[in-house]
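In what follows, a structure is listed as structure tokens, so that the remarks can point back to it.
All values derive from a computational prediction rather than experimental measurement.
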Amino acid sequence: QEQLVESGGGLVQAGGSLSLSCAASGRTITSAKAWFRQAPGKEREFVAAVNWDGGVTDYTDSVKGRFTIWRDNRKDMVHLQMISLKPEDTGVYYCAATSDASLSAAAPRNRDQYTYWGQGTQVTVSS
């Protein structure tokens with residue numbers, strides 16, 4: 001089992017920055033981690049992922065160059081630094097972790113490959 005708790009969401013103007021954090025507990029070290037987001041009335045979508053040691057990352061095209069994901073395994077934390085925020089970045093941001101050890105070396109994009117989910121943190125970007 002792995003428990004995930006997100007923090008750091010809030011309201012920011014377009015062009016601003018926010019940093020999200022995800023505190024993990026349980027069997028955390030070997031799992032790949034990711035951030036997904038869900039806007040009202042839309043499907044939950046992939047944002048960014050990182051493999052177990054932080055050496056592999058992946059981003060959805062719309063956030064490349066603006067968002068950075070990294071992890072600190074000493075503290076069981078995963079972070080998402082977001083700059084140059086846009087109104088379309090608005091949504092509930094969820095931290096997720098895989099349970100399949102075979103996925104730990106990768107940074108999967110597929111929502112179905114993540115077993116554990118946090119409760120989410122709201123990010124609102126005003127225009």
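K33 NZ to S104 OG: the interatomic distance, rounded to the nearest 0.5 Å, is 10.5 Å. The CG atom of L80 lies 11.0 Å from the OG1 atom of T121; values are rounded to the nearest 0.5 Å. In this structure, the separation between OG on S21 and CZ on R71 is 13.5 Å, given to the nearest 0.5 Å. To the nearest 0.5 Å, atom CG of residue L4 and atom OH of residue Y114 are 11.5 Å apart. The distance from the CD atom of Q119 to the CD atom of E6 is 7.5 Å, given to the nearest 0.5 Å. The CZ atom of R109 sits 4.0 Å away from atom CG of D58, with the distance rounded to the nearest 0.5 Å.
In this structure, T90 and V125 approach most closely via the heavy-atom pair OG1-N, 2.9 Å. Nearest heavy atoms, V50 versus A107: N-CB, 3.9 Å. Listed here is the closest heavy atom pair of S127 and A14: CA-CB, 4.4 Å. A pairwise comparison of heavy atoms in R44 and Y94 identifies NH2-CZ, 3.4 Å as the closest pair. Residues R66 and S84 approach most closely at NH1-O, 2.9 Å, considering heavy atoms. In this structure, W35 and C22 approach most closely via the heavy-atom pair CZ2-CB, 3.7 Å.
Although no hydrogens or angles enter the test, the distance criterion places a donor-acceptor pair under 3.5 Å between the side chain of T98 and the main chain of A32. Although no hydrogens or angles enter the test, the distance criterion places a donor-acceptor pair under 3.5 Å between the side chain of N73 and the main chain of W52.
A cation-pi arrangement is absent between R111 and F36 under the rule of less than 6.0 angstrom and at most 45 degrees off the ring axis.
Taking the side chain as every heavy atom from C-beta outward, W117 and C95 never approach each other to under 4.5 Å. Under the 4.5 Å side-chain criterion, counting only non-hydrogen atoms from C-beta, R37 is in contact with E45. Side-chain contact between E2 and S31 is present, with heavy atoms from C-beta onward closer than 4.5 Å. Looking at T68 and Y59, their side chains come closer than 4.5 Å, going by heavy atoms from C-beta outward. In this structure, the side chains of T60 and F67 stay at 4.5 Å or more apart for every pair of heavy atoms. Contact of the M82 side chain with the V123 side chain is registered, since non-hydrogen atoms from C-beta on lie closer than 4.5 Å.
Within a 6.0 Å sphere centred on NZ of K42, heavy atoms belonging to other residues, nucleotides or ligands number 12 at most.
No continuous path of ILVMFWY side-chain contacts below 4.5 Å connects V78 to L103, so the two sit in separate hydrophobic clusters. Transitive grouping of hydrophobic side chains (ILVMFWY, heavy atoms separated by less than 4.5 Å) brings V12 and L20 into a common cluster.
Note on D89 versus K86: no salt bridge recorded, every NZ/NE/NH1/NH2 to OD/OE distance being 4.0 Å or above.
In summary, of the residues considered (T57, V63, V47), a side chain to side chain contact (heavy atoms under 4.5 Å, CB included) with I69 occurs for T57 alone.
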